[in-house]
Amino acid sequence: MKEIGILLVLLSYMVGSIPFSYIFSRYFGGVDIRTKGTGNIGATNVLRSLGVKIAVASLIGDVLKGFAAAWLGNYFGGISLAAICSVAVVVGHCWPLSLGFRGGKGVATAAGIMLALMPLLCLLEALVLVVIAATTRYVSLGSVCAAILFPILVIFTHQPWQYIVMGFILAAIVLFRHRSNIKRLRQGTESKLNQKAI
């Protein structure tokens, strides 16, 4: 079983490394998304650069990565392996081997993990993100607030300790990946949702 666990963790990283936003933007939009807008391969930059259809496809792909890794880990190894595979898939998304370790910010992939392991928390987190993004027009602010809230909710809903540790790690990764957004938010220069990418 240990060998299966190691293979699943490695598989989770590799699945996380599949850059759906880059692939869909390249083949359906005809552009390298890394050369547009913020240069990030996340769905928000795809939305600003190429529109709703490709952005939604990218978002779904990233969510499914997280869901698959968490579900497989839980199915084959239970709570502990699910938590480790979940971290691995987000690490793969943020630092993908396929793009020279320059990936996304982990929000959609983390949402897939929550959907697989804690669906009610996923719904609440999505609500927080959407409400904040809709009222302020800053998707990054919604993402940051959701990331901060995640480990708190995991604790207060009495989730297993493995998920609590996972929650703090995933929140730290998402916040680290949003450090430039946080800086721009503080400076008042962050792009809003309705702004087109250049």
Side-chain angles (χ1 to χ4, degrees), residues 16 19-22 25 33-67 86-87 89-91 93-96 102-115 117-157 163-164 166-198:
F20 284 111
S21 295
Y22 173 82
S25 298
I33 193 61
R34 297 173 298 179
T35 66
K36 296 289 184 179
T38 61
N40 184 259
I41 66 166
T44 302
N45 193 38
V46 175
L47 176 63
R48 293 196 189 104
S49 304
L50 298 170
V52 174
K53 290 183 180 179
I54 297 177
V56 169
S58 302
L59 180 67
I60 291 172
D62 288 342
V63 169
L64 288 177
K65 291 192 299 190
F67 186 95
S86 296
V87 171
V89 74
V90 171
V91 169
H93 176 78
C94 295
W95 295 280
R102 296 179 61 186
K105 300 190 176 181
V107 176
T109 304
I113 291 164
M114 285 185 277
L115 186 61
L117 303 179
M118 297 164 271
L120 290 179
L121 287 192
C122 180
L123 182 62
L124 183 56
E125 284 277 279
L127 183 63
V128 168
L129 194 158
V130 168
V131 168
I132 293 174
T135 54
T136 66
R137 311 304 292 174
Y138 291 119
V139 176
S140 57
L141 181 59
S143 299
V144 166
C145 290
I148 293 171
L149 184 61
F150 180 47
I152 297 172
L153 288 175
V154 174
I155 291 171
F156 277 93
T157 54
Y163 289 171
I164 294 174
M166 177 193 75
F168 277 103
I169 294 172
L170 294 184
I173 291 173
V174 171
L175 291 174
F176 177 77
R177 297 295 292 172
H178 279 81
R179 62 195 185 281
S180 59
N181 301 88
I182 294 169
K183 182 179 179 180
R184 289 193 297 270
L185 284 166
R186 294 177 63 184
Q187 295 173 340
T189 58
E190 176 72 329
S191 297
K192 292 192 175 184
L193 182 60
N194 56 346
Q195 287 181 248
K196 287 288 185 180
I198 301 173

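Just so you know, these numbers use all the heavy atoms, side chains as well, and skip hydrogens, waters and symmetry mates.
A distance of 5.5 Å separates CG of L115 from CZ of F67, quoted to the nearest 0.5 Å. Distance check, rounded to the nearest 0.5 Å: CD1 of I164 to CD1 of I152 gives 12.0 Å. The CZ atom of F156 sits 10.5 Å away from atom CG of L149, with the distance rounded to the nearest 0.5 Å. The distance from atom CG of L59 to atom CZ of F20, rounded to the nearest 0.5 Å, is 12.0 Å. Separating the CD1 atom in I33 from the CG atom in N45 is a distance of 4.5 Å, to the nearest 0.5 Å. With rounding to the nearest 0.5 Å, the separation of CG in L153 from CG in L121 is 5.5 Å.
Looking at R102, its side chain never comes within 3.5 Å of a backbone N or O of R34 through a donor-acceptor pair.
Considering only residues two or more places apart in sequence or on other chains, V56 meets the side-chain contact (heavy atoms from CB on, under 4.5 Å) condition with V52, I60. Under the side chain to side chain donor-acceptor pair (under 3.5 Å) criterion, S25 pairs with no residue, sequence neighbours left out. With sequence neighbours left out, F150 forms a ring-ring contact (aromatic ring centres under 6.0 Å, His included) with no residue at all. For A55, the side-chain contact (heavy atoms from CB on, under 4.5 Å) partners at least two apart in sequence or on another chain are V46, L47.
When all heavy atoms of A146 and E125 are compared, the closest pair comes out as O-OE1, 2.6 Å. The minimum heavy-atom distance linking I132 with C145 is given by the pair CD1-CB, 3.5 Å. Heavy atoms only, all atoms of each residue included: S58 and S21 are closest at CB-OG, 3.2 Å. In this structure, S86 and M166 approach most closely via the heavy-atom pair CB-SD, 3.5 Å.
Among residues at least two apart or in separate chains, salt bridge (Lys or Arg N to Asp or Glu O under 4.0 Å) pairs with a member in residues 54-65 are D62-K65.
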Counting only pairs under 3.5 Å, give me each side-chain donor-acceptor contact of residues 169-182, with atom names and distances, residues two or more places apart or in other chains.
| from | atom 1 | to | atom 2 | distance (Å) |
| --- | --- | --- | --- | --- |
| R177 | NE | G104 | O | 2.9 |
| R177 | NH2 | C94 | O | 3.4 |
| R177 | NH2 | G103 | O | 2.9 |
| R177 | NH2 | G104 | O | 3.1 |
| H178 | ND1 | V174 | O | 2.8 |
| R179 | NH1 | F176 | O | 2.8 |
| N181 | OD1 | K105 | NZ | 2.3 |
| N181 | ND2 | E190 | OE2 | 2.8 |

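A 4.5 Å side-chain heavy-atom check between L129 and S143 finds at least one atom pair inside the cut-off.
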